[in-house]
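Note sheet for the following structure.
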There are 2 protein chains.
Amino acid sequence: MTSQDVILGLLMHHSLSGYDMKHKMETILSYFNNASFGTIYPTLSKMEKEELITKQSVIQEGRPNKNVYSITEKGREQFKTYMYSPVEDNEFKSDAMTRLFFGEFVEKDVIVGVLEEYLQRTKGHMERLSKLYVECQPEMSHSQEICIQIGINNSESQIRTLTQGIVRLKNLAEK
Amino acid sequence: MTSQDVILGLLMHHSLSGYDMKHKMETILSYFNNASFGTIYPTLSKMEKEELITKQSVIQEGRPNKNVYSITEKGREQFKTYMYSPVEDNEFKSDAMTRLFFGEFVEKDVIVGVLEEYLQRTKGHMERLSKLYVECQPEMSHSQEICIQIGINNSESQIRTLTQGIVRLKNLAEK
DNA sequence: CAGATCATGTAAGCAGTTACATGATTGT
DNA sequence: ACAATCATGTAACTGCTTACATGATCTG
């Protein structure tokens with residue numbers, strides 16, 4: 001799964017500009033995906049050359065012009081190919097968990113702080129997802145709804161698990 | 001957090017070869033971290049040049065020789081610097097979730113299959129973690145124990161959440 | 001006899017980030 | 001006056017993966 005597959009999926013419904021795509025990725029897709037402008041724009045150019053998408057320049061008043069991209073028939077085929085290909089493993093990388101793992105080499109309070117920050121971030125994350133769910137539910141597909149529900153449930157249990165972990169850590173005898 | 005920080009952490013207790021490090025990363029660290037030989041060996045050479053670690057060649061009988069690395073005082077300082085630096089955000093990338101998100105464009109059964117595979121992988125993952133917890137508990141530090149407990153709890157709730165999600169998806173009226 | 005485990009290393013390539021460059025408009 | 005939003009793009013860099021190269025010993 002590359003950024004290209006995600007861009008194709010995003011274009012299956014509506015035509016979008018690179019800027020719009022970034023916005024979508026930062027909101028609804030952010031919990032299992034991400035891409036910067038430095039990835040999006042070059043990928044878009046490449047995809048246009050490969051005729052997976054077409055560009056239309058839209059002149060706007062009071063705002064910069066934008067390039068709106070639409071998916072071609074070839075692009076739709078490519079997207080289907082992706083959707084039927086073998087599923088890749090999840091990738092998870094956590095600095096906070098790494099520090100907890102090596103926690104014995106620093107003061108306990110440092111690690112408690114790391115986990116508390118992680119907990120706060122997860123809470124913020126969950127709030128954003130819940131808000132999004134309420135706001136966007138009418139225009140979401142069923143599978144998108146389930147996708148966000150899974151995200152919310154996972155965040156909730158993450159919060160519980162982390163809270164427990166922090167309590168356990170605090171209860172340890174001072175090193 | 002780079003592979004270098006993880007390698008330093010791994011060397012805080014014992015001296016290890018590159019091969020040993022890979023093994024550790026594949027077992028206990030695998031749930032929030034990973035590195036291939038193609039990363040480990042060049043990083044080790046670089047770190048030796050920077051005097052963060054030292055190399056001793058160990059001649060073995062019936063086995064290839066190995067290079068065992070030990071952390072230096074400078075390496076320990078570097079590791080402390082990492083442990084007190086700002087915590088980076090988690091990175092999570094999920095092909096399965098991406099496909100669920102775009103599920104409306106293929107038959108429901110395809111997505112059910114994707115989620116069922118994801119569920120099976122999570123189950124396998126949890127079993128490996130539980131087994132590891134039982135096997136390694138005596139030699140684990142308290143924070144390592146908490147780290148694995150968090151991992152097991154998260155996997156458990158992932159399994160519940162995914163199972164629910166699959167039921168929800170199956171119950172949807174045929175598209 | 002095949003496949004796993006032990007063991008190290010290099011080279012090519014890729015996907016992605018960060019920082020830079022530019023600039024108008026709108027809201028506080 | 002300042003920050004945010006809208007909008008696109010490039011260049012340098014980095015961290016990492018995959019594949020290749022080599023080869024002994026152990027296990028079924």
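Order of the sequence lines sets the chain letters (A, B, ...), proteins ahead of strands, with each chain counted from 1.
The CD-P distance, from B/Glu48 to C/dG9, rounds to 9 Å in whole Å. The separation between A/Ile40 atom CD1 and C/dA15 atom P is 15 Å, rounded to whole Å. The interatomic distance linking A/Lys49 (NZ) with D/dG9 (C1') rounds to 13 Å, in whole Å. Taking atom CG on A/Leu44 and atom C1' on D/dT10, their separation rounds to 15 Å, with Å as the unit. For the pair B/Tyr41 OH and D/dC16 P, the interatomic distance rounds to 17 Å; values are reported in whole Å. Between the P atom of D/dG15 and the CE atom of B/Met47 lies a distance of 13 Å, rounded to the nearest Å. When the P atom of D/dA7 is taken as reference, atom CG of A/Leu16 falls 12 Å away, rounded to whole Å.
Side chains of A/Arg128 and A/Ser155: a donor-acceptor N/O pair is absent below 3.5 angstrom, by distance only. One side chain, B/Asn90 or A/Ser94, offers a donor N or O that lies under 3.5 Å from an acceptor on the other. Side-chain polar atoms of A/Asn153 and B/Ser157 form no donor-acceptor pair below 3.5 angstrom. One side chain, A/Arg99 or B/Ser85, offers a donor N or O that lies under 3.5 Å from an acceptor on the other. Using modelled atom types and a 3.5 Å distance limit, the side chains of B/Tyr133 and B/Gln144 yield no donor-acceptor pair. A/Glu104 and B/His13 are linked by a side-chain donor-acceptor pair at a separation below 3.5 angstrom, with hydrogens and angles left out of the test.
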Restricting to nitrogen or oxygen on both sides, can you table the protein-nucleotides 20-28 of chain C pairs closer than 3.5 Å?
none

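B/Gln137 CD: more than 12 foreign heavy atoms inside a 6.0 Å radius. Counting heavy-atom neighbours within 6.0 Å of A/Glu116 CD, excluding the residue itself, gives a total above 12. For B/Lys131, the NZ atom counts as loosely surrounded, since its 6.0 Å shell holds 12 or fewer non-hydrogen atoms of other residues, nucleotides or ligands.
Phosphate contact (OP1/OP2 of D/dG23, side-chain N/O of B/Asn65, threshold under 4.0 Å): absent. The side chain of B/Ser17 places no N or O atom within less than 4.0 Å of a non-bridging phosphate oxygen (OP1 or OP2) of C/dC6. Under 4.0 angstrom from either OP1 or OP2 of C/dC6 there lies no side-chain N or O belonging to B/Gln60. Under 4.0 angstrom from either OP1 or OP2 of D/dC16 there lies no side-chain N or O belonging to B/Ser36.
Backbone-only engagement by A/Ser3 is indicated by non-hydrogen atom pairs under 4.0 Å involving sugar-phosphate atoms exclusively.
Within residues 18-32 of chain A, no residue has a heavy atom under 4.0 Å from DNA chain C. A heavy atom lying under 4.0 Å from DNA chain D marks none of the residues of residues 79-98 of chain B.
Residue whose closest nucleotide on DNA chain C sits further toward the 5' end, between A/Thr2 and A/Phe37: A/Thr2.
Looking only at distances, no side-chain donor or acceptor of B/Ser15 sits under 3.5 Å from a matching main-chain atom of B/Leu11. In terms of modelled atom types and a separation under 3.5 Å, the side chain of B/Asn65 and the main chain of B/Ile59 share no donor-acceptor contact.
Here salt bridge (Lys or Arg N to Asp or Glu O under 4.0 Å) pairs that include residues 13-42 of chain A, with residues two or more places apart or in two chains, are A/Lys22-A/Glu26.
Taking Ile, Leu, Val, Met, Phe, Trp and Tyr as hydrophobic and joining them when side-chain heavy atoms fall under 4.5 Å apart, one finds A/Val114 in a cluster with B/Val87.
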Exercise. Does the side-chain hydrogen bond (donor to acceptor under 3.5 Å, both in side chains) test come out yes or no for A/Gln56 and A/Asn67, once each step is laid out?
Worked result: CA-CA 6 Å; A/Gln56 298 126 255; A/Asn67 300 326; over 6 Å; no
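For the helix from C/dC1-D/dG28 to C/dT28-D/dA1, the axis fitted to the five pairs at one end and the axis fitted to the five pairs at the other end meet at an angle of 50° (nearest 10 degrees).
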